[in-house]
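Written below as structure tokens is the structure these notes are about.
Please read these numbers as outputs of a predicted model, since none were measured by experiment. Residue numbering restarts at 1 for every chain, and letters A, B, ... go by the order of the sequence lines.
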There are 2 protein chains.
Amino acid sequence: MLRQVTATLGSVSQISRPVKAKQSTGHGDARRERWRGHRQARRAEFVEAAVRAIGSCGAEVGMDDIAAEAGVSKPVLYRHFSDKSDLYLAVGEWGTNLLMERISPTLRQEGSARERIRRIIGTYLGVIEEYPELYRFVVRRNFADRPVQTDPVTTEKTVIANSLSRLLGEYMRSLELDSGGVEAWSHGLVGMVQASGDWWLDRHSMSRDDLTEYLTKIIWFAIDGVLRAGGIVIDPDEPLEIVPHLRVVEDDVD
Amino acid sequence: MLRQVTATLGSVSQISRPVKAKQSTGHGDARRERWRGHRQARRAEFVEAAVRAIGSCGAEVGMDDIAAEAGVSKPVLYRHFSDKSDLYLAVGEWGTNLLMERISPTLRQEGSARERIRRIIGTYLGVIEEYPELYRFVVRRNFADRPVQTDPVTTEKTVIANSLSRLLGEYMRSLELDSGGVEAWSHGLVGMVQASGDWWLDRHSMSRDDLTEYLTKIIWFAIDGVLRAGGIVIDPDEPLEIVPHLRVVEDDVD
DNA sequence: AATTGCGTGTTACGGCAAGTAACAGCTACC
DNA sequence: GGTAGCTGTTACTTGCCGTAACACGCAATT
């Protein structure tokens, strides 16, 4: 199960730090080429180890812990990750990937607008409930030393919010509505779900289904309001004719 | 200006770490009592120094920087703050306090529901725009070493969300609606505004007024939807008859 | 077959920032 | 005067990220 997800991680990693196409750099050497796949596999393996270490040690793992979990010593880790942030970022990608792998199929299923929202939120809450320590690790970021732009969570949240932006933007434009607020709304909605999940994870004062229902309700109202303001009324329980397709990271490559 | 805000900080600090009422503990000594006010003043002074240091050094200030800014050496700092988190928490409180000091008066003004929402959001965005480094410092938390419950931002966000909960809860109950989702919604809305602000601060891809307008719009739609679902319709531009009063931290003391 | 490139791995160290002795002086209560 | 509680210092320890230096293995080149 984990393996399947990780299998796709290599390509994702390429996105953040694209592999230099080093074929024919003077002394064209087949050796570097030969190892490339292996290096990716190794990286993924270490990311998995990190995920396991986070699960056992909690969100405050050190590099030594992760190295130990992977069964190697620290310098080995640093051959594959430039620094802690790099690894953390990879872990974040792993999490995003897992989340997307679970959300995508629900989007391909039939369902009304509200039902789709419900499934996305339910899936999200399910994931953070399943990996609470990983979630904390990713979300409670500790990168005071790094520039803001490279911050893992910001990056991951941005990825998700951007997907949502594209989705909403398409809808809005296809309905010929002003899409000026779409980006802000996307980031806002993502933040809303994240914050609620954060709070819920700490307190657990209601069931997951209840929270899912409450969030679905308010988000639907928000979207419905925007549509109504544009003169469009959609029945929340009618199947959607426009089927959305999430494009997560692939579009960002080229 | 800053001084005014800080003047109230002493009492806020008491909330998080209540001063042991040590009068008449065997050897009732007037000396401790005499210094108490002084210690609070000192703490506040250091918090201000920290805020200044954050402004100049950026969010990744060290304790040495702060000590230098305050014109003392590090151990002095540690006489007033048990550790870094303690100081950070105090800085967070300072920020929350500033925010609340600015929001409160706008709530006492007349205005429709939508206008009130707009003012709160606009004020919030104004504050984080005015203190971007401070904001990053507080929000991009780095406390992997501390238990989750004592996390500064969580604490501060919870404070705000709780105020909102009380506010919304009162409304809902006075309108005889189900208030079960109020807490989740509050945390969600706070997170939504925070996330949007975060994104906006990084990108600055639209004016503050535009973002305020977009957020106001979607939040109003959300609230309006909840009310309509309960059979209540409120004109967003009519003055509110039920005037809210924010009670921020005072209620948490006893 | 020998060399060379790129991977594997180790132990031990450097460096930076948080936090802590240990020490010394000042003021006001008792 | 003695002492409690503050003022302040320099110099240290600790912990963790990250690195230097060194050794081995395998396959491609020569």
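Atom CG of B:Asp64 is separated from atom C1' of C:dA18 by 8 Å (rounded to the nearest Å). Here D:dG18 presents its C1' atom at 13 Å from CG of A:Leu87, a figure rounded to the nearest Å. Counting to the nearest Å, the C1' atom of C:dA18 and the CG atom of B:Asp86 are 14 Å from each other. Taking atom OH of B:Tyr78 as the reference point, atom P of D:dT10 lies 17 Å away to the nearest angstrom. Atom P of nucleotide D:dC6 and atom CD of B:Gln40 are separated by 12 Å, given to the nearest angstrom. To the nearest angstrom, P of D:dG8 lies 12 Å from CZ of B:Arg39. Distance B:His80 NE2 to D:dG5 C1': 11 Å, rounded to the nearest Å. Note: CZ (B:Arg43) to P (D:dT7) measures 13 Å, nearest angstrom.
Between B:Arg42 and the phosphate of D:dT7, there is a side-chain N or O to OP1/OP2 separation shorter than 4.0 Å. Contact check, A:Ser73 against C:dG9: no side-chain N or O comes under 4.0 Å of OP1 or OP2.
Under the 30°/60° scheme for interplanar angles, the aromatic rings of B:Phe137 and B:Tyr88 are found to stand perpendicular. Using cut-offs of 30° and 60° on the angle between ring planes, the pair A:Trp185 and B:Tyr214 is perpendicular.
If you take CD on B:Gln194 and CD on A:Gln194, they are separated by 8.0 Å, rounding to the nearest 0.5 Å.
If you check distances only, the side chain of B:Lys84 never reaches the base of C:dG19 with a donor-acceptor pair under 3.5 Å.
Residues A:Val61 and A:Arg79 both approach DNA chain D. Their nearest nucleotides, taken by heavy-atom distance, put A:Val61 toward the 5′ side.
Looking at the side chain of A:Lys74, the nearest of the listed nucleotides C:dT10, D:dG18, D:dT9 is D:dG18. When distances are taken from the side chain of B:Pro75 to each of D:dT10, D:dC17, C:dT8, the shortest belongs to D:dT10.
The two residues B:Gly92 and B:Val138 have their closest heavy-atom pair at CA-CG2, 4.2 Å. Between B:Val190 and B:Ala161 the shortest heavy-atom distance is CG2-CA, 3.8 Å.
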